[in-house]
Peer 1: 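Take a look at the following structure, please.
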Amino acid sequence: MNNVSSARSFSSLPPDISPIARRLLAIFTRRPFAPDDPQLADLAPSLSTKVVEPVLRELKSWKIALNFFTWASTQNGYVHNCYTYNAMACTLSRARQNAAMGALASQAVHSRCKMTPGALGYFVRCLGSLGMVEEANVMFDKVKQSGLCVPNSYSYNYLDKYTLTSVLQIYCNMQKFDMALKVFDEMYDWGWVDPHMCSVFLLSFSKWDDVDKAFELVESMEVRNLRLNEKTFCVLIHGFVRASRLDRALQLFDKMRKLGIPPDIALYDVLIEDLCKNKELEDAFKLYLDMNEHGIVPDFSLLNKLTSYFSEEGQLTQLLKEIPKDVDTAAKTLVCNSVLSFYVNNDGLDKAYHLLRGMMGHCAVDDLNVNELLKTGERFYPDTTSFTIVINDLLKKGETDTSLSLFRDMVQIGCKQTVLLYNNLIGSLCDSNRLEEANELMQEMKDSGFEPTEFTRNCIYGCLCRREDVLGALNCVKEMRLHGQEPWIKHSSQLIKQLCDHGRVLEACEFLNNMVIEGFLPDIVAYSAALNGLIKIREVDQAVELFRGLCARGCQPDVVAYNILINGLCKAGRVSEAHDMLNEMVRNGLVPSVVTYNLLIDGWCKTNTVDQAMLCLSRMYEVETKPNVISYTSLIDGLCNARKPDDALTLWSDMLSKGCAPNRITYMALIQGLCKCGRLNEALEYLRQMQEKDMKPDTFVYASLLRALLSDQNLSAALETLKDLVKEGQFPCPQDRNYPILKNAIIQMSQDARTRFFSCCKLSDSASSFTLLLFGIQSNLRGFCGESTLAR
DNA sequence: ATAGGGTTAG
């Protein structure tokens, strides 16, 4: 028995088909197909497009045709042309084989097959008829770009209505307005334009930026008596509003109305909102009235939109007047809610609160605006939205308790609670550290069937962190993990920072480890807080170890993290290691900040290598990281300590000429530095400058000056300085480390004949008599010295 | 209703 079914009979083949074609047809239609049939190899050399094309047209099965097409493609010396491609495309499009069709299109483009405009049009039509507009678009573009075909009017000439519609759509997607219009005109001439086609055309227009051209087309359609349908109007109007062309949108709206098409609320909504945005409240209001006349009941969101642009109560009153008196209860509530919103948005929380209480029946509704609208004495009821409006504003103003009691009222009335309200209330309680109540409310939330959200739990978590309740925080984290929620890293970071600030560095590190165990890998910021904590307790090596560990775990350190380490190393006097760190961060692609350089500058200054520090300053100019006042302050201090006061003064003027203004700290550094170098007159000059600028020096600046002036035997200047100190009210207490210096200064002065006014005062160690003593000096200087004054 | 939390000078 022969299991090879017979090849199809080709007796009906056109007479001009070649014998080669016949043989190919026979082989390819035989089942099963034998790709290694020796006959195929014999036929291959005689393959030509003239042979392939008719074969493709004869093969009725798209699979076999594609098989043959592919086989032919791979034969040496054979190349498909646009006609064989089109024959294949024709089969595939008839069989609705989109995937194969798409592949064929890209093959045609890639093979750089030359196409006549007509052939391209044909292929595009095949794509178009499969709805493959995007692909057709791409093909059109690519073929044109590669110069394989220049589309001209022939590309779509002599095509039928459906093809032209596809071509039109393609031009629309390509945003080729003129070409599209040409096709449109041609279709019009053929009498092929119908409203559906117009909509297709215009809908693609609405994606274009050129609103005016689209509008032009609408008008040309009008002239031709082609009516747009309601949907097209809507889409166009929305599109025009999106393109910020309210003018055109309104014109279109007008046309729509004239045609007697009733607009829906969504159209009013978008137009009114846009008018409001453009501050054309009058027109918005007119449109609103128009809507009322058409019997369309405004919804809350629209009323809210309108009122949210009102800033005067008169506008609100006018709007309310227009609301029909016979609206139902639900509508009345909606209206009241927009009144509530208006109050809340216009600094009238009290009025809103009062109205809400009136609505609840807790007091008479004496709201003028509302009475304008509703017959007096009639009851109307608040809903959840009413409460939400008022409660949220109360919370914003910190009125947690009033909010809570409104929330209770709301539940009692039978209004449904919402997650949002629960969250906001819990958030507010947490903000005011009322954790227990917050927890109770969260429990109640659960009991009422609301699952706490990530936000809810993070409010609680944040509160626990601020309280430095490490255990509680960790439990909360576990709870969140169970619910698939993430603890917010800002809270974790704050906890770590606070713990570090309060000397609980090790607990902070422990907490970080626990977070890792819970599966919440803290980020570099959280770790930085801990690194800084370790640095502050001088555990530099531990900090470095932690740093290395987190790098190894794939945590990317940033500039700040490096800065913290550099700071630690510098403060420990390990400046060269700090410098290595800088190089490392640069190798890691980070750009050092001013802070980085400042830290190193300070490090070098404090380790007797001011020259290095100065070099660093000049490098900063090279890398275009402008030094700031801190850079200069460190250097001025460093130069003075290196006994180079002249360099310090030069740098001071450099700083001024660079437009960098010295601050209090800079002045104090310079004054103290000059004192150390014995340049007392200059120090006094800068003190004077400081006073002129209303910058208050710290006590120790006076102390340094006094000590230096006295050791220089400059008693009169010392006296003046002491006077300034008293005038500034900078009396140190006995615990202050400057106290002994000042005490000694006063003793010295009291022992000197030139400052003998002191002799009338007894010196004592107690703070109060010290104050009295200073007061005595002050009085003395005013010429009021005497026991009577001191006794005051 | 939700993106900021960590670093420098006397």
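Below, chain A is the first sequence line, B the second, and so on; all start at residue 1. The structure presented is a predicted model; accordingly, all values stated were derived computationally and were not measured.
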Peer 1: Would you tell me whether K396(A) and N392(A) have side-chain atoms, one donor and one acceptor, within less than 3.5 Å of each other?
Peer 2: no
Peer 1: Can you identify which nucleotide, out of dG10(B), dT8(B), dA9(B), has its nearest atom closest to the V629(A) side chain?
Peer 2: dA9(B)
Peer 1: In Å, rounded to the nearest 0.5 Å, how long is the span from OG of S386(A) to CG of N337(A)?
Peer 2: 3.5 Å
Peer 1: Any donor-acceptor pair, under 3.5 Å, between the side chain of N663(A) and the base of dA9(B), if you only look at N and O atoms?
Peer 2: yes
Peer 1: Taking only Lys NZ, Arg NE, NH1 and NH2, and the carboxylate oxygens of Asp or Glu, determine whether K536(A) and D501(A) approach each other closer than 4.0 Å.
Peer 2: no
Peer 1: Quick one: L569(A) CG to dT7(B) C1', roughly how many Å, whole number?
Peer 2: 13 Å
Peer 1: Does K696(A) put a side-chain nitrogen or oxygen below 4.0 Å from OP1 or OP2 of dG10(B)?
Peer 2: no
Peer 1: Spell out, as yes or no, whether a donor-acceptor pair under 3.5 Å connects the side chain of D698(A) to the backbone of F700(A).
Peer 2: no
Peer 1: For a quick test of reading the model: is some side-chain N or O of K571(A) closer than 4.0 Å to OP1 or OP2 of dA9(B)?
Peer 2: yes
Peer 1: Hey, is R548(A) close enough to E545(A) for a salt bridge, meaning N to O under 4.0 Å?
Peer 2: no
Peer 1: Atom OH of Y527(A) to atom P of dT7(B): distance rounded to whole Å?
Peer 2: 18 Å
Peer 1: When every nucleotide of nucleotides 1-6 of chain B is labelled 5' to 3' by its protein contacts under 4.0 Å (heavy atoms), B for base, S for sugar-phosphate only, - for none, what sequence of letters results?
Peer 2: BB-BBB
Peer 1: For the pair made of CG in D501(A) and C1' in dT7(B), what is the distance, rounded to whole Å?
Peer 2: 13 Å
Peer 1: Between dT8(B) and N563(A), is there an OP1 or OP2 to side-chain N/O distance shorter than 4.0 Å?
Peer 2: no
Peer 1: Is the distance between the ring centroids of Y562(A) and F547(A) under 6.0 Å?
Peer 2: yes
Peer 1: Any ion pair linking D654(A) and K658(A) (charged N to carboxylate O, less than 4.0 Å)?
Peer 2: no
Peer 1: Distance check needed: dT7(B) P versus L599(A) CG, whole Å only.
Peer 2: 12 Å
Peer 1: Could you check how far CG of L635(A) sits from P of dT8(B), rounded to whole Å?
Peer 2: 18 Å
Peer 1: Side chain of N598(A) only, heavy atoms from C-beta on: which candidate in dA9(B), dG10(B), dT8(B) is closest?
Peer 2: dT8(B)
Peer 1: Need one value for F700(A): base, sugar-phosphate or nothing, where a base atom within 4.0 Å counts as base even if backbone is also close, heavy atoms only.
Peer 2: base
Peer 1: Assign K676(A) to base, sugar-phosphate, or nothing according to its heavy-atom contacts below 4.0 angstrom with the strands shown.
Peer 2: nothing
